[in-house]
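Reading through the structure tokens given below for one structure.
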Amino acid sequence: EFAAYKDGKEIARKCYYSIGGGEVIADGEEITEPVFPEPPEGYEFNEWADQEGNLIIFPYVVVEDTYINPVFSPCTYTFVFDSNEGEFSDGSSVKEIKSEYGAPLQSVEPLPTRTGYDFVGWTPEIPETTPAMDMTFRAVWEAVEFNAEWYADGELICVDVYRYGDFLRAPDIPIEKEGYIFAGWAADAAGAEIAAGTVMTAGGYTAYAKWDINEYTVIFEDYDGTVLSEQTVEHGASAEAPAAPEREGYTFIGWDKAFDNITEDTVVTALYEQIMVEVTFVAAEGGSLNGTTTVEVPYGTELYTITYPEAVANEGYEFAGWDKSYGIITEDTEVTAKFDRLSYTVSFVDKNGAVIEEVEVFHGEGAEAPEAPEVEGYKFIGWDKAYDNITADTVVTAQYEQIMVKVTFVAEHGTMAGETVVEVPYGTELYTVAHPEVEAEAGYEFIGWTPANSTVKTDITVEAQFNRVGYTVVFKDINGAVIKE
């Protein structure tokens with residue numbers, strides 16, 4: 001270490017900068033980052049640091065002896081594991097891992113799987129430590145061997161050994177079964193045929209001999225020879241009958257022969273029984289029937305060909321025909337005799353024969369009378385006949401009685417001779433009524449009647465009219481001269 005001073009003040013200092021050697025740097029000088037050669041294989045340059053590991057950032061001012069060293073770190077590389085037609089537990093076919101240079105390198109876990117194969121390793125072989133490069137490893141597989149077993153009628157006749165994925169080949173062994181024809185091999189006991197190009201599967205393969213049994217044709221015919229069903233049935237098996245056929249007017253009752261053990265070609269014919277239907281005759285309200293009321297006839301009979309019973313109308317009704325007279329009978333049928341209730345016209349008329357109201361009334365019922373019209377001078381007193389039990393067209397006439405009114409004569413200042421109270425028809429002219437004779441009392445004279453004339457429509461009083469009699473009194477003197485009159 002060297003220092004120079006002037007006037008008690010330090011003016012220089014030595015510093016050693018070591019990178020594979022040394023360099024003297026004046027105290028306080030700046031140094032720049034040097035160019036450094038390529039890092040070692042598998043490493044990459046990170047930074048510069050001093051002897052205590054502190055980061056050095058350039059430009060750097062030197063104030064003491066300093067050792068500056070480069071800092072390196074191992075590189076990270078990618079390693080791909082290809083399952084090579086296999087599969088990892090998550091369903092993927094490829095896995096990747098990353099590892100630092102020089103670190104231990106191991107296979108991915110869990111290992112991939114492949115149906116029908118055993119895993120035997122990776123290619124290329126995985127190094128123990130991480131190399132300075134990316135790499136891809138492919139899974140190596142070995143096919144597993146399985147047995148193919150061949151059965152005929154429940155008996156194992158042959159066992160072949162195949163690797164997984166090998167094409168299967170049927171054994172060349174003659175086999176026979178009485179009553180059957182050999183028809184190849186099936187993948188299962190249910191008889192599904194082995195397809196061309198079938199390969200060995202994991203777990204082995206079992207095949208079964210197939211047989212074709214003798215077959216027959218069974219035809220189901222309708223009554224007219226129409227084919228309802230045609231089917232092929234194995235020897236000794238049963239045919240399946242079609243849905244019961246329908247024939248208008250007939251009931252299907254079965255088939256003409258059994259078909260549960262077929263041993264030859266067979267024709268089975270449908271059998272029928274004719275349907276009978278009932279026709280029932282009934283009487284509606286207002287009448288009755290004489291004769292047979294229920295008959296049984298074949299389905300399809302024309303209704304008009306059946307003998308109908310006699311329809312008898314009750315009193316007050318008349319036979320109006322049958323509700324059904326024509327048609328083809330295809331089901332139980334009810335035929336009803338219809339009866340119309342007799343009705344009559346009841347005419348209510350006034351005293352002049354003018355119709356007030358006409359009403360229709362059923363036989364034996366009563367009519368409802370209208371309000372009788374008013375006739376001036378007359379009082380309605382009823383109808384000329386009863387109408388509570390009508391049995392024919394009827395005219396009912398309004399009955400009236402003439403209204404009578406009283407005429408009363410009075411004479412205040414006289415006496416009367418003759419009838420003083422007279423009853424006359426409504427509307428009589430007063431002047432036609434006989435008036436009594438009037439004798440005026442002293443001092444009065446009769447001058448007539450009030451009223452003198454009118455049309456009498458109510459009780460009336462007729463008064464005699466009088467004038468008081470006056471006299472002239474003349475006062476004269478002795479000479480006869482009029483003094484006062």
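Residues: numbered from 1 along the sequence shown.
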For Val297 and Val277, what are the C-alpha separation, side-chain angles and deciding distance, and is it a side chain to side chain contact (heavy atoms under 4.5 Å, CB included)?
CA-CA 6 Å; Val297 297; Val277 292; 3.9 Å; yes

What distance separates Ile126 CD1 from Leu105 CG, expressed to the nearest 0.5 Å?
6.0 Å

Between [X] and [Y]: side-chain donor-acceptor atoms closer than 3.5 Å:
X	Y	result
Ser93	Glu87	no
Glu358	Ser347	yes
Tyr299	Glu248	yes
Thr226	Glu221	no

Out of [options], which residue meets the side chain to side chain contact (heavy atoms under 4.5 Å, CB included) rule with [X]?
X	options	answer
Glu96	Val108, Thr78, Asp134, Thr136	Thr78
Phe281	Thr336, Thr294, Ile306	Ile306
Pro309	Leu289, Val282, Val335, Asn290	Leu289

Check: [X] side chain, [Y] main-chain N or O, donor-acceptor pair, under 3.5 Å:
X	Y	answer
Trp255	Phe220	no
Asn479	Ala481	no
Asn214	His235	no
Asp82	Arg138	no

Can you see which heavy atom on [X] is nearest to which on [Y], and at what distance?
X	Y	result
Ile175	Ala152	CD1-CB, 4.1 Å
Val433	Phe409	CG1-CZ, 4.2 Å
Gln465	Thr450	CG-OG1, 3.0 Å
Val349	Val395	CG2-CG1, 3.8 Å
Trp322	Phe319	NE1-CZ, 3.5 Å
Phe446	Ala464	CE1-CB, 3.7 Å

Got more than 12 heavy atoms from elsewhere within 6.0 Å of CD, Glu296?
yes

Mind running salt bridge (charged side-chain N to carboxylate O under 4.0 Å, His left out) on Glu285 and Arg341 for me, showing each step along the way?
CA-CA 9 Å; Glu285 181 182 359; Arg341 194 170 181 184; 5.9 Å; no

Where do Asp224 and Arg247 land on the salt bridge (charged side-chain N to carboxylate O under 4.0 Å, His left out) test, with the steps shown first?
CA-CA 10 Å; Asp224 58 358; Arg247 180 183 176 187; over 6 Å; no

Could you go through Tyr151 and Thr206, starting from their C-alpha distance and side-chain angles, then the distance that decides it, and tell me whether this counts as side chain to side chain contact (heavy atoms under 4.5 Å, CB included)?
CA-CA 8 Å; Tyr151 287 85; Thr206 301; 3.7 Å; yes

Would the Phe81 and Phe88 ring centres measure less than 6.0 Å apart?
no

Compute the centroid of each ring, for Tyr208 and then for Trp211, and state whether the two points are separated by less than 6.0 Å.
no

Give the C-alpha distance, both sets of side-chain angles, the deciding distance and a yes or no for side chain to side chain contact (heavy atoms under 4.5 Å, CB included) between Thr345 and Glu360.
CA-CA 5 Å; Thr345 300; Glu360 288 293 320; 2.6 Å; yes

Start with the C-alpha gap between Glu246 and Phe252, add the side-chain angles, then the distance that decides, and say whether side chain to side chain contact (heavy atoms under 4.5 Å, CB included) holds.
CA-CA 7 Å; Glu246 293 182 357; Phe252 173 73; over 6 Å; no

